[in-house]
Amino acid sequence: MDISSQEIEAIVRQVLDRVQPASSGMPVRPAVRSQDALAPCACAKGQDGVFERVEDAIEAAWKAQRSWVTEYKIEDRKRVVEAIRVCARAHIEEWCHKIVDETGMGRYEDKVEKHLAVINKTPGPECLRTEALTGDAGLMLEEYAPFGVICSITPTTNPTETIINNTISMISGGNTIVFNVHPRAKRVSAECLQALNRAIVDAGGPANLITMTREPNMENIDKMAASPKIRMMAGTGGMGMVNTLLRTGKKCIGAGAGNPPVIVDQTADVELAAKKIYEGASFDNNILCFAEKEAFVVEESYDGFLYNIQKVGAYLLTPGQTEQLTRLCIQQKKDGEYTANKDWVGKDIAVILKQIGVTVPADCRLAVCEVAKDHPFVLAEQMMPILPIVRCKSFEEAEQAALAAEHGNRHTSSIFSRDVYNMTHFARLIETTIYVKNSCTKAGVGIGGEGFCTMTIAGPTGEGITCAKSFCRRRRCMLAEGGLRII
Ligand code: NAD
C-alpha cells in the first residue's frame, strides 16, 4: 500500500492527539508549520484549505469545527483572529495588485484602504457579550453559540476583503467556513485563504478552519445547500444569488445589491457635498454596493453643486457624450430592466471615456452627467465611476426620485442637508440599512466614520452591518432557585 508523507503526518497527529489530551485549551499542534506543508485532512488532499471536491471541503471544515468548539477556548479564538489580522496586513499590497489584475476592476489604492478597514475594524470574539439576568427565580445566561459550518459566497467586487471580514466574524463565533468564491477572483481568493489558514495553524489553531474548492461553481452551492453538515448559507453579492440562497430552506444571511441615491437639498453645504460625493462615488471605481450611484439635487443647490464637483475634479459629460456612454455601458434585458455592461464595470473613467474619444487628466476619477430621473444611468446599478445628477424642483421630488432609483433594496442612501426635518423624513421614507448624513456613504461601514466595518451588509435578511454576533445562535442557560446570586 502506498502512503504519502502527508497521510503519515495526519496519522501521527491523530495518535498524538489521543495520548496527549489538550489541557489548557491550547491544542496539541506543532507551533510552526512550513509554508508548503499540507493541511492534515484524512478525508482528502486539501492544500491549506483548498480542495478539489466540495464534499471534501465540507468534511474538512466540519472536522475543524468540532475541534474549534471542543478543544479551543475563547482566548484561542482571540489569538487566532490576531494572527489573521497580522497575516492579512503583511499581504495587502500583493493581494490588492492581484485583485486588480485578475478581476480587471477597481483602484489599487482604494483596495488598500478597504483591506485596512476590514483588517483593523472587523470585531473579533470580544463583541460576543454574554447576557446575565438574576432574580427571585434564579440566574439566566444567554450566550452566542456557533451555528457550525457556514457556506459563504463571496463577490468579485470585494474578494479577499470579504474573505478576511467573514473569516474574522464567523470563526470568532466558533464557526468554520466553506467559501464559494466568485470564479473571476478564484486565484487571489485561494491565495488569501491559504495564507490565512497557514497563519491560523501557526498560531496553534486547527487546520481547515476555512476551506474552498479550487474551481467554484453553482453545483457546489447546491451541494452545500443539501449537505446536513452545512448549517448556514451566507451570500454576499447580487440579488440573483441571494434569492437562490433564500430558496434553500437553510438559515440564510443575504447581503444583496444596492443602488444608493444621495440627495443634496436646498440647505446643503454644496462644497462639502461635491467633495464627499466625488470621493465616495469614485472610490474603487464605484464597484462597492454602498457607493453613491446617483445624485438628486434640489434646484437651489444645483448650480453650486455642479460647479463644485467639477472644481474637485469631475469631468462633466455633454448630452451627446452621455448618449454615447449610455449605449456603451448599459444594456437592456428582455424584461426591460437596465443592467451594466460588465466590460466596463469598475474600470477607470479615463479608460471608459477613451472609448468615446474623450481624454481626461490622469488624476480625474469621476465623470458626471445631467439626466432625467428615469435615465438608465440612474436606474441601473452600473458600478462605474459615472455619476448621473438629476435636477429636482423640490425636496419632495428628490425624495420620490431617490426612492424609485433605490428599487426597494433598502441598502444604502445619504443626504447632504442642514435641515433636521429633511434628514429625518428621508431616513424614514427610504428605510435603508445604511443612512449617512453629510459624508461619503463609506463612512457608514467605518471607512472615515465611526463604528466597525463589514463587507457583508445583510439588508434582505435584516442582520445589517454583520459581525460575529450575526453568525451565532442565541442559547439560554437557566440556573433555577436563586443559585449563584449574591444578594
Ligand atoms: P454576483 O451576484 O455576480 O456574484 C456574487 C457571488 O454569487 C459569486 O460568488 C457568484 O459566483 C455567485 N452567484 C451569482 N449568481 C448566482 C446564482 N444564481 N446562484 C448562486 N450563486 C450565484 O455579484 P458580483 O458581481 O460578484 O458582485 C456585485 C454585486 O454584489 C452587486 O450587485 C453588489 O451590490 C452586490 N454586493 C453586495 C454586498 C453587500 O454586502 N450587500 C457586498 C458586495 C457586493
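Counting convention: from 1, in listed order, for ligands and their atoms alike. The figures here come from the full heavy-atom set of this structure, side chains too, leaving out hydrogens, waters and symmetry mates.
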Legend entry - F426 backbone acceptor or donor facing E399 side chain under 3.5 Å: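 Between the backbone of F426 and the side chain of E399 there is a qualifying donor-acceptor contact (under 3.5 Å).
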Tell me whether [X] has any N or O atom under 3.5 angstrom from an N or O of ligand 1.
{"X": "M455", "result": "yes"}
{"X": "N158", "result": "no"}
{"X": "I457", "result": "yes"}

Between [options], which one has a non-hydrogen atom sitting closest to [atom]?
{"atom": "atom 1 (P) of ligand 1", "options": "G459, A257, G238", "result": "G238"}
{"atom": "atom 44 (C) of ligand 1", "options": "L245, N243, T157, D222", "result": "T157"}
{"atom": "atom 3 (O) of ligand 1", "options": "K293, K186, R247, H182", "result": "H182"}

Identify, for [atom], the protein heavy atom at the shortest distance, and state residue, atom and that distance.
{"atom": "atom 18 (N) of ligand 1", "value": "T244 OG1, 3.5 Å"}
{"atom": "atom 15 (N) of ligand 1", "value": "M218 CE, 3.5 Å"}
{"atom": "atom 9 (O) of ligand 1", "value": "T154 O, 2.8 Å"}
{"atom": "atom 38 (C) of ligand 1", "value": "C289 SG, 3.3 Å"}
{"atom": "atom 7 (O) of ligand 1", "value": "M241 CG, 3.2 Å"}
{"atom": "atom 37 (C) of ligand 1", "value": "G256 O, 3.2 Å"}
{"atom": "atom 24 (P) of ligand 1", "value": "T156 CG2, 3.7 Å"}

Legend entry - ligand 1 contacted by H411 (non-hydrogen, < 4.0 Å):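 The answer is yes, since H411 has a heavy atom less than 4.0 Å from ligand 1.
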